[in-house]
Asker: 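This is the structure I have questions about; it appears just below.
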Amino acid sequence: MQTSFSQTPNERTAMTRDDALKQLNHLARERAFGRHVGSDRLIQAGLDALMAGVESRSLALLAGLLRSEEPEAPALFDQVLEELGLLFHPPADPRAATWAMAYWVAGRIADGSLDPAVGTHLIWADIAYDLGYPDELEPLVRCAHNLDGWEESWGVSVEELNGEAVGAAKQFLSTGPAAEAAGV
């Protein structure tokens, strides 16, 4: 799910400094976990942060890149993250990195910054698969199946299923990284 805005500048909702930092943090983790984040999103996040009052020496450079300068965006984005102390490096161990991604995605589902259907599908298709479908992720995988195959005849609304997914994400987060540390 893309976190940047798609409205025209006149329709944009003002982003708070905390929201801008959260957006930068999310993009940093997406990139660290191997997800492609286009230069246009990096530049837009820089502009959003600059407009929200985030201060960094390189932020204006990132926000002001022209289309012809887009190839410079990833390096400038990393420089901004380093200046703000947001640069994220996932664990070197692939299994630990996958668990870290599970906690990050679940956190985004729980805080409302990631659509439950999208997030649970990501946990089901990418994360749980890579971890061999551990019991800790089973409730989220079940939610993904329910949201993916939902039919009106079930007598339960998509909103209720989304609520169950948010609850499952919060429950998973409440277990903490103990499962990750134990090498489950």
Asker: State which residue, out of L140, N162, L161, V158, fulfils the side chain to side chain contact (heavy atoms under 4.5 Å, CB included) condition with P116.
Answerer: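 Checked L140, N162, L161, V158 against P116; only one passes side chain to side chain contact (heavy atoms under 4.5 Å, CB included): N162.
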Asker: Do K22 and D111 come close enough that some side-chain heavy atom pair is under 4.5 Å?
Answerer: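 Answer yes - side chains close enough.
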Asker: For Q44 and D48, which I'm curious about, is there any donor-acceptor pair between the side chains at under 3.5 Å?
Answerer: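 Side-chain D/A pair, Q44 to D48: present.
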Asker: If the condition is ring pair (Phe, Tyr, Trp, His ring centres under 6.0 Å), which residues does Y129 pass it with, not counting sequence neighbours?
Answerer: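 Listed in chain order: nothing, the list is empty.
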Asker: With distance as the sole criterion, is a donor-acceptor pair present between the side chains of R142 and N146 under 3.5 Å?
Answerer: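 Their side chains do not contain a donor-acceptor pair, so the 3.5 Å distance test is not met.
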Asker: Do W154 and E160 have side-chain heavy atoms sitting under 4.5 Å apart?
Answerer: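 W154 does not reach E160 side chain to side chain.
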Asker: Does the W150 side chain pair with the main chain of V156, one donor and one acceptor, at a distance under 3.5 Å?
Answerer: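 Pair found, side chain donor or acceptor close to backbone of V156.
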Asker: Is there a side-chain contact between E69 and I43, using heavy atoms and a 4.5 Å cut-off?
Answerer: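 Counting from C-beta outward, E69 and I43 never come under 4.5 Å.
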Asker: Hey, are the side chains of F172 and P139 touching, using non-hydrogen atoms and a 4.5 Å cut-off?
Answerer: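 Side-chain contact under 4.5 Å: no.
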Asker: Run the side chain to side chain donor-acceptor pair (under 3.5 Å) check on E83 and S58 step by step: do they pass?
Answerer: CA-CA 8 Å; E83 291 167 6; S58 304; 2.6 Å; yes
Asker: Does the side chain of I123 come within less than 4.5 Å of I109's, by heavy atoms?
Answerer: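 Sidechains of I123 and I109: in contact.
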Asker: Just wondering, do R95 and T98 contact through their side chains at under 4.5 Å, heavy atoms?
Answerer: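 T98 vs R95: side chains apart.
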Asker: For a quick check under 3.5 Å, do D18 and T16 share a side-chain donor-acceptor pair by atom type?
Answerer: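 T16 and D18 do not have a side-chain donor-acceptor pair below 3.5 Å.
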Asker: For Q23 and V54, run side chain to side chain contact (heavy atoms under 4.5 Å, CB included): C-alpha distance rounded to whole Å, both residues' side-chain angles, the deciding distance at 0.1 Å, then the answer.
Answerer: CA-CA 12 Å; Q23 180 182 39; V54 174; over 6 Å; no
Asker: Do E30 and F88 make a side-chain contact, defined as non-hydrogen atoms from C-beta onward lying under 4.5 Å apart?
Answerer: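 No, every pair of side-chain atoms sits at 4.5 Å or beyond.
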Asker: What pairs with E72 under side chain to side chain donor-acceptor pair (under 3.5 Å), at least two apart in sequence or on another chain?
Answerer: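 Residues passing side chain to side chain donor-acceptor pair (under 3.5 Å) with E72: none at all.
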Asker: Do any pairs count as a ring pair (Phe, Tyr, Trp, His ring centres under 6.0 Å) and have a residue in residues 34-53, sequence neighbours left out, and if so which ones?
Answerer: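 Listed by first then second residue: nothing to list.
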